[in-house]
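One structure is given below, encoded as structure tokens.
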Number of protein chains: 2
Amino acid sequence: MATIKDVAKRAGVSIGTVSHVINNTAAVRNETKDRVLKAIKEFDYQPNSVARSLRSRRTGTISLVLPAIERSMDEPSYLSDLLASIVDESKRYNFDILLSASSSEEEEMTPYKRVVKGKMVDGCIITCTKRNDKRIAYLLSENIPFVAFGRSNVGLDFPYVDVDGEAGVYQGMHYLLDLGHTRIGFIGLPSELFCSEHRLKGYRFALKERGLKFDPALVIEGKTTQTGGYRSMKKLLNVDPPPTAVMISSDLMAFGAMKAAQEEGLIIGRDISIVGFDDVQMANNCHPPLTTIRQPIYKIGVLLCQMLVQLIRGEKLSERQIILLPELIVRESCGPIR
Amino acid sequence: MATIKDVAKRAGVSIGTVSHVINNTAAVRNETKDRVLKAIKEFDYQPNSVARSLRSRRTGTISLVLPAIERSMDEPSYLSDLLASIVDESKRYNFDILLSASSSEEEEMTPYKRVVKGKMVDGCIITCTKRNDKRIAYLLSENIPFVAFGRSNVGLDFPYVDVDGEAGVYQGMHYLLDLGHTRIGFIGLPSELFCSEHRLKGYRFALKERGLKFDPALVIEGKTTQTGGYRSMKKLLNVDPPPTAVMISSDLMAFGAMKAAQEEGLIIGRDISIVGFDDVQMANNCHPPLTTIRQPIYKIGVLLCQMLVQLIRGEKLSERQIILLPELIVRESCGPIR
DNA sequence: CTGTTAGCGCGTTCAC
DNA sequence: GTGAACGCGCTAACAG
């Protein structure tokens, strides 16, 4: 494998000069430049990025650690969509993405220490923020550029992009209430996820506003999987009397819930109304198409990237905390009370 | 940031000794070892992976370049599922995944050169193999460990895992023919994808076997997106007479096709039968659930990882080329001819 | 404009 | 058992 030395020798110049023409870091006479370029071409020379990173302290790589709680990416959750947009956007800044998996909840910090402190990446994006999220404190203390998708309860100032989950759920509830539903179930996220409480708050607030009383039997906390949604829905349908509508905290769970309802012979949008949260791609492609609260996930990925890149470049963020408003997308999974 | 030097100084030993205790590469007296370990803990020292990679010529990272043809990962194609399994499996070998995006068809090779020749990764997985795939020749010539998901027509011996697309489509066709369909459409993949021809072959073969003649009007080549499937289906439904069943080369396209058919007022499984290919997660969750040809994608990801890791370790592959048999999964998107 | 040189942080001989 | 010294390939000062 050719190194910069070989190129220098072939071109009859010093390695410094070669470096300069590669990085355009100093003016080089055209003639010499051409010789260098020619040598580079001849060897099909490619600079060793590892050596380059060691020297320059930059890797051109962003870390994304997949949370253990997500059971990796087996299911079409928002995470796939987010990753898609991050991949797209990071490309624009010539960053690659280093995907690591945390094996378990306890070892949650291991990949961060290895990847981040080991200097394999210039910064990282964290998702799925939790209450008392250890990662945030760690990254702040180590002074590593990072951006979070989601707020947290740690009393720390850190850059994030989040969606107003309370407002989102409130919109969905408003819609269901306007359809005449009064007995509305709620399938929530695991309480360790910080966003779970916002969504629940939106549910309670909408209820309260209409003078409806909060019935704990109608509120279930499920795992963030299709199976989690499926099971939660089954439970909800066994409540007496069962809800006529259900607000669900993620589309993924909503898909499972739809399946559960259909198994019970219910026609979704007629016998039972369902509102999801996320608006993942598939929400528009299932049958019936799912009415849901759209997180502008593509935009979120774009913002996360842009902010992180700014941070990496040492620029100051114009907006350090961004909260986006979600939007109700009406499709066909809801109907009026009968 | 603490380096190995700091640790050595603190422990009152040389950096060589520290290196030995970290890598367990020589016997160190227990007492000294403890001192080193203590110093490591005190500094929360983490070896610099970049320096380590430069020296050892290993990065512990696998490359996956997202093909430009897939329009990244915006849609729930097999790629998401494959990535999920690769992430899971690579974790078992302590490999991270470097995700890069190729910006355009012409610059297809750029990310490979940069990432692979730049020594950022120990090996790579390529997907979406094409006819005359340049990447294969390149990686072979550079002697880089790699494994492909998919065969190619290049007359080269390279390690791959693939699915027998011909047999898969044949199974689907067999099923449709047994339901009494004789006018069966086919939505194929872009012909640049090498697997497109196998699938078409399965279609033609099944037809021929039953003495049915091949009607070019019923065969459409679409982009591998939902929109591609949607458009292809619309075209197919405009053929006179339209097909009563359609064999589609990917689930993603099938989802789009289902939408197209439903828009025309057709009941899928009654008015028109649809068979997909892949069995992505959503195939079981759409309505009606999609009858499809299952690629054992999780297993494929696992095999790809295992083979690549073996290659990286310099071991010989027991099986250098693996072709898996797909399986017909009968759900509800097909019905008998009426 | 071009060459020389000093590290970046670590692993690895090879002495001791 | 332990330490000194070299070099992985490159960038960035600085000198000329």
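Letters go in sequence order (proteins before strands), and every chain restarts at 1. All heavy atoms count here, side chains included; hydrogens, waters and symmetry mates do not.
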Checklist entry - Sequence neighbours excluded, which residues qualify as side-chain contact (heavy atoms from CB on, under 4.5 Å) partners of Ile15(B)? => result Ile4(B), Lys5(B), Ala8(B)
Checklist entry - Any idea which of dC10(C), dT2(C), dT2(D) is nearest the Ile4(B) side chain? => result dC10(C)
Next on the checklist: If you only use heavy atoms from C-beta on, which nucleotide in dG3(D), dG1(D), dC8(D) is closest to the side chain of Arg29(B)?
Outcome noted: dG1(D)
Item to check | Pairs satisfying salt bridge (Lys or Arg N to Asp or Glu O under 4.0 Å), at least one member in residues 303-318 of chain A, at least two apart | outcome: none
Checklist entry - For Phe149(B), which residues count as a ring-ring contact (aromatic ring centres under 6.0 Å, His included) partner, sequence neighbours excluded? => result Tyr78(B)
Checklist outcome for this item: On DNA chain D, more 5' by nearest nucleotide between Val28(B) and Met1(A) is Val28(B)
Next on the checklist: Arg10(B): which residues meet the side-chain contact (heavy atoms from CB on, under 4.5 Å) condition with it, sequence neighbours left out?
Outcome noted: Ala39(B), Glu42(B), Phe43(B)
Checklist entry - In terms of side-chain heavy atoms of Lys5(A), which of dC8(D), dG3(C), dG1(D) is nearest? => result dC8(D)
Next on the checklist: Heavy atoms only, 4.0 Å cut-off, all strands: where does Ser53(A) land among base, sugar-phosphate and nothing?
Outcome noted: nothing
Checklist outcome for this item: Sorted by chain and number, sequence neighbours left out, salt bridge (charged side-chain N to carboxylate O under 4.0 Å, His left out) with Glu108(A) holds for Lys130(A), Arg135(A)
Side-chain donor/acceptor pairs under 3.5 Å, residues 24-33 of chain B, sequence neighbours excluded:
{"unit_1": "Arg29(B)", "atom_1": "NH1", "unit_2": "Glu31(B)", "atom_2": "OE1", "d": "3.3"}
{"unit_1": "Thr32(B)", "atom_1": "OG1", "unit_2": "Arg29(B)", "atom_2": "O", "d": "2.9"}

Checklist entry - Ala27(A) side chain: which of dC1(C), dG9(C), dC8(D) is closest? => result dC1(C)
Using a cutoff of under 3.5 Å, can you pull out all pairs of nitrogen or oxygen atoms linking the protein to nucleotides 12-16 of chain C, with atom names and distances?
{"unit_1": "dT12(C)", "atom_1": "O4'", "unit_2": "Arg55(B)", "atom_2": "NH2", "d": "3.3"}

Checklist outcome for this item: Residues in residues 41-50 of chain A with a heavy atom under 4.0 Å of DNA chain D, by number, are Tyr45(A), Pro47(A), Asn48(A)
Checklist outcome for this item: Taken in chain and number order and not counting sequence neighbours, the residues that satisfy side-chain contact (heavy atoms from CB on, under 4.5 Å) with Asn94(B) are none
Next on the checklist: Run the side-chain contact (heavy atoms from CB on, under 4.5 Å) test against Ile144(A) and tell me which residues pass, sequence neighbours left out.
Outcome noted: Val116(A), Leu139(A), Glu142(A)
Item to check | Helix axis bend for the helix from dC1(C)-dG16(D) to dC16(C)-dG1(D) - C1'-based end axes, five pairs, 10° rounding | outcome: 40°
Next on the checklist: The criterion is ring-ring contact (aromatic ring centres under 6.0 Å, His included); which residues satisfy it with Tyr160(A), sequence neighbours excluded?
Outcome noted: Phe158(A)
